[in-house]
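Here's the structure we're looking at; comments come further down.
These values consider heavy atoms only, across backbone and side chains, with no hydrogens, waters or symmetry-generated copies. Every number for a ligand or one of its atoms is a count from 1 in the order of the listing. The first residue of the sequence shown is numbered 1, and numbering continues consecutively from there.
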Amino acid sequence: MPSLLKKMLAPLEWVADKLGTSAEVERSPEEQARVDQACQHLALYQFRSCPFSIKVRREITRLNLKIEVRDAQLDPEHRRELKEGGGKVQVPCLRIANPDGPAQWMYESRDIIAWLRQRFGAETVA
Ligand SMILES: N[C@@H](CCC(=O)N[C@@H](CS)C(=O)NCC(=O)O)C(=O)O
């Protein structure tokens, strides 16, 4: 997206982010507890007003997920983690911790949203 257009759209995206989304997925308390536990392995590296990050944050809200959101624009430590772990400073990026090996760093808003829907959209949490 051209940067001027991106700057012009940013305030609208911000308002939509704040007002436009509410949790749509409801779970039993037990199911939600399992989902919350699974989400502890996830962290979203993002910029506050990046439209691609906003899209992913809205989907996280819609799916009723408690995923830690890390600011890779203003927080130098998170920026460094993203660059060293994922290989580049591009957001959004979902870090998926793996207890048995190295973490997975998933870039591309579309891929992240598709993964979250597949993992948490249906009521199947391993
Ligand atoms: N195709 C990517 C585009 C992501 C993108 O362009 N992100 C911008 C911020 S909005 C970025 O990370 N730019 C790198 C930088 O500003 O350092 C997606 O959908 O996630």
Output the set of protein residues with a heavy-atom contact under 4.0 Å to ligand 1, ordered first by chain identifier and then by residue number.
K6, F47, C50, F52, V89, Q90, V91, P92, E108, S109
Excluding sequence neighbours, so at least two apart, what forms salt bridge (Lys or Arg N to Asp or Glu O under 4.0 Å) with E24?
R62
Hey, are the side chains of R79 and F47 touching, using non-hydrogen atoms and a 4.5 Å cut-off?
yes
Can you see whether Q40 engages D36 through a side-chain donor-acceptor pair at a distance of less than 3.5 angstrom?
no
Without placing hydrogens or testing angles, list every side-chain donor-acceptor pair under 3.5 Å for residues 92-104, not counting sequence neighbours.
unit_1	atom_1	unit_2	atom_2	d
N98	OD1	D100	N	3.0

Please tabulate, for the side chains in residues 67-76, all donor-acceptor contacts under 3.5 angstrom to protein atoms that are two or more places apart in sequence or on a different chain.
unit_1	atom_1	unit_2	atom_2	d
E68	OE1	R70	NH2	3.1
E68	OE2	R70	NE	3.0
R70	NH1	Y45	OH	2.6
D71	OD1	Q73	N	2.8
D71	OD1	L74	N	2.9
D75	OD1	E77	N	2.9
D75	OD1	H78	N	3.2
D75	OD2	H78	ND1	3.3

Would you say the side chain of R27 lies within less than 4.5 Å of the side chain of F120, judging by non-hydrogen atoms?
yes
